[in-house]
There are 2 protein chains.
Amino acid sequence: MTAGLDFEGWSCPLPLRDTPAVVMGHGGGGAMSGDLIEHLFLPGYGSAAPAGSGRSDCAVVTVGGTRIALSTDSFVVKPMFFPGGSIGDLAVNGTVNDLAMAGATPLYLSAAFILQEGTAMTELGRVAEAMGAAARAAGVQLVTGDTKVVDNGSGDGVYITTTGVGAVPEGADIHPGRAAAGDAVLISGDIGVHGVAVLSCREGLEFGTTVASDTAALHGLVAAMLATGADLHVLRDPTRGGVAASLNEIARAGHVGVDLVERDLPVPAEVRDACSLLGLDPLQVANEGKLIAFVPAESADDVLAAMRAHPLGAGSRRIGACVAEHPGMVVARTALGGTRVVPLPIGEQLPRIC
Amino acid sequence: MTAGLDFEGWSCPLPLRDTPAVVMGHGGGGAMSGDLIEHLFLPGYGSAAPAGSGRSDCAVVTVGGTRIALSTDSFVVKPMFFPGGSIGDLAVNGTVNDLAMAGATPLYLSAAFILQEGTAMTELGRVAEAMGAAARAAGVQLVTGDTKVVDNGSGDGVYITTTGVGAVPEGADIHPGRAAAGDAVLISGDIGVHGVAVLSCREGLEFGTTVASDTAALHGLVAAMLATGADLHVLRDPTRGGVAASLNEIARAGHVGVDLVERDLPVPAEVRDACSLLGLDPLQVANEGKLIAFVPAESADDVLAAMRAHPLGAGSRRIGACVAEHPGMVVARTALGGTRVVPLPIGEQLPRIC
């Protein structure tokens, strides 16, 4: 453990010293979130955190000889209801997708609520109904839960933490460490849609778009991709931190470079306009119903065809390739023929997006 | 579903109409929490909630032929650090205990954090270290997690949601529905200790006690009880709502009555004094390292002996019996020879106790 300043018996490691208190960026899914995991949570947990943990959205563990996938996420999106969905949809689909990205079949969810005193019962009822509908659509069961209430001023409406359990098929081995030079990089459709949908209804930020969130459960799409028989190397849903964060994490985990072609990125006009207006990079804007896949080049056409044949993958396309050069780094070829580095977002350009 | 008033497309069922907004009592683990589950969450989830779900702290589900136990809890205790422990200890031990009360062997935990912007990094570090130490002590691994940050004013320090996965031994069938007339009712030691420990350091409520929280992982004690070969009918850790809430829930689930003997209840002097001062009923004060067991009368002595031989059960004793009379109701024989009904707590006498 890094030597550090001693505060009340806890030694603050060097990389966190610039931020003696938690800031919004620590929840952004970018570099600051990574620092917190690497320099605070994992050292704190010590040997209770198995080697290699904390770097993936989903753990694969063994119970009585059976491999199961386990994933958890808290949802604090503001507002709770937005075009195309609600915190209830995200809470189900987000955790289902984390399981699906490990190739697991989602089966069961738990749901724990932290409610702010004063939240309207009607709003909570609508959230519960949204969760029920999303769970039925995804074919998963909500089997257990918990409810806590915090005083007005110590919460904000409804916070939901869902944890999912899935079955891991024999031989499934899909994780960021398998990214390999030569892989084609695919995406299942338009990017930046969820983030812009939530922003469009934030106070003071209405900019007249009618973009609806793309929240959806993606395990059916993954099943269609697996059915091609292709050896899928990596799957990732680019949520917080967007495509930029996901690709950088994969590049680092796989010790490979990623070359993107900017003009191949499917950015819808509404997202492009909103991002221009607000000074955002669409590559860093959150998605909730899209996936990135790294697949061997020779399987790319088959997998793309299977994705396009699925309702949630109709807009699938190849956006780049995995290369041996510049390992750990994502580089985009720009429309003008130059290149630019696509950095891992540091903090968070859009807080509380999920 | 009960017909109800229509608010914005969601129909508020009758039992919730008196509370059009969430109040602290909905998080108290008593009757109001039960109303929320029964009349809001379960109808909202619809068929995505399997029959019988939502009434137990732990679900037992099957993945690939293997039975696993799944349990989740959010922790919002205030303050985060208190005599004898911290929110980190509770987050590990509380979920471990929910698994243990189903007779499961706790194996893996996920941990999701909702952090308030501005929380000192040193406090978060101490919480992570407490979780690591508690997990090592309990023999469980922290395998995955998530971190979200909410703005100052929308949170309160650190909220943690842990979800646990455990292995369910062949033949294990321990649940409240198995309570049977004739069962002896046992408790593993002093009651009300955790609640008084947290209260003792709340602003304005210092009353000079030195009670330390009893937070502990109880699966070792359960293993010792199971090793007697006794057919344990029900196990329950009486947390929020205390012994009163747990016994009432068991009486309702098992359609049995519970007769308590007040003078046999192990209430330490410090708890009795603090409760007198504050007008609290020790039976409703939270515990974190105690369990209640319903066991066949003929096994009670063996089980009690095994409990007393375990460090966490040294103060175990019989506190009453399960009867066929007054089903669904808990009745206490008072010191004066009379009887009184011990009601299911309605809301919460001590908010944010776990």
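Here is how names work: the chains are called A, B, and so on, in the same order as the sequence lines, proteins then strands, and each is numbered from 1. Quantities reported herein were computed from a predicted structural model and do not represent experimental measurements.
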- Message: At a heavy-atom distance under 4.5 Å, which candidate from A:G65, A:G118, A:G64 has the highest pair count against chain B?
- Response: A:G118
- Task: Test side-chain contact (heavy atoms from CB on, under 4.5 Å) on A:K148 and B:R240 and set out the steps.
- Result: CA-CA 10 Å; A:K148 295 292 191 303; B:R240 278 182 301 177; 3.5 Å; yes
- Where is the tightest heavy-atom contact between B:A59 and A:V143, given as atom of each residue plus distance? CB-O, 3.6 Å
- Message: To the nearest 0.5 Å, what is the distance between CG on B:D156 and CD on A:Q116?
- Response: 11.5 Å
- Item | Option from A:D146, A:V150, A:L115 for which side chain to side chain contact (heavy atoms under 4.5 Å, CB included) with B:S74 holds | A:D146
- Heavy-atom proximity to chain A below 4.5 Å, by part of B:L70: both
- Note on the structure: Tightest non-hydrogen contact, residues A:V63 and B:Y108, listed as CG2-CE1, 4.0 Å
- Message: Counting only non-hydrogen atoms closer than 4.5 Å, does B:V76 touch chain A with its backbone (N, CA, C, O), its side chain (CB onward), both, or neither?
- Response: side chain
- Message: Apply side-chain contact (heavy atoms from CB on, under 4.5 Å) to residues A:V149 and B:H26 and explain how you reach the verdict.
- Response: CA-CA 7 Å; A:V149 179; B:H26 287 116; 4.0 Å; yes
- Item | Spatial distance of atom CG (B:L124) from atom CZ (A:F41) [nearest 0.5 Å] | 4.5 Å
- Query: Among A:T66, A:N152, A:V23, A:T161, who wins on heavy-atom pairs under 4.5 Å with chain B?
  - Reply: A:T66
- Message: Can you tell me which of B:S47, B:G28, B:G157 forms the most heavy-atom pairs within a distance under 4.5 Å of chain A?
- Response: B:S47
- So, for A:L40 and B:A128, which heavy atoms are closest and what is the spacing to 0.1 Å? CD2-CB, 3.9 Å
- Message: Please report the interatomic distance NE2(B:H39) to CE(A:M121), rounded to the nearest 0.5 Å.
- Response: 11.0 Å
- Task: Find the one option among A:I114, A:L107, A:I68 whose heavy-atom pairs under 4.5 Å with chain B are most numerous.
- Result: A:I114
- Message: So for B:V165, is it side chain, backbone, both, or neither that comes closer than 4.5 Å to the heavy atoms of chain A?
- Response: side chain
- Item | Toward chain A, the part of B:V168 with a non-hydrogen atom under 4.5 Å | neither
- Toward chain A, the part of B:R352 with a non-hydrogen atom under 4.5 Å: side chain
- Could you tell me whether the side chain of B:Y159 reaches within less than 4.5 Å of the side chain of A:S154, counting heavy atoms only? yes
- Query: What are the two closest heavy atoms between B:Y45 and A:R136, and how far apart are they?
  - Reply: O-NH1, 2.7 Å
- Task: Among A:G88, A:A133, A:G155, A:G46, single out the residue with the greatest number of heavy-atom pairs under 4.5 Å to chain B.
- Result: A:G155
- What's the verdict on side-chain contact (heavy atoms from CB on, under 4.5 Å) for A:M24 and B:D151, showing C-alpha distance, side-chain angles and the deciding distance? CA-CA 7 Å; A:M24 296 304 289; B:D151 39 295; 4.2 Å; yes
- Item | Region of A:V127 in contact with chain B, defined by heavy-atom distances below 4.5 Å | neither
- Please state whether the side chain, the backbone, both or neither of A:T105 comes within less than 4.5 Å of a heavy atom of chain B. neither
- Does any heavy atom of chain B fall under 4.5 Å from the side chain of A:A111, the backbone, both, or neither of them? both
- Query: Under a 4.5 Å cut-off applied to non-hydrogen side-chain atoms, are B:C58 and A:T144 in contact?
  - Reply: no
- Note on the structure: Between the OG1 atom in B:T147 and the CE atom in A:M32, the distance rounded to the nearest 0.5 Å is 12.0 Å
- Taking B:T119, B:L109, B:L36, B:V140 one by one, which has the highest count of heavy-atom pairs under 4.5 Å against chain A? B:T119
- Query: What pair of heavy atoms forms the shortest contact from B:T163 to A:S110, and how long is it?
  - Reply: CG2-OG, 3.7 Å
- Message: Counting heavy-atom pairs closer than 4.5 Å to chain A, which one of B:A48, B:A135, B:A120, B:G132 comes out on top?
- Response: B:A48
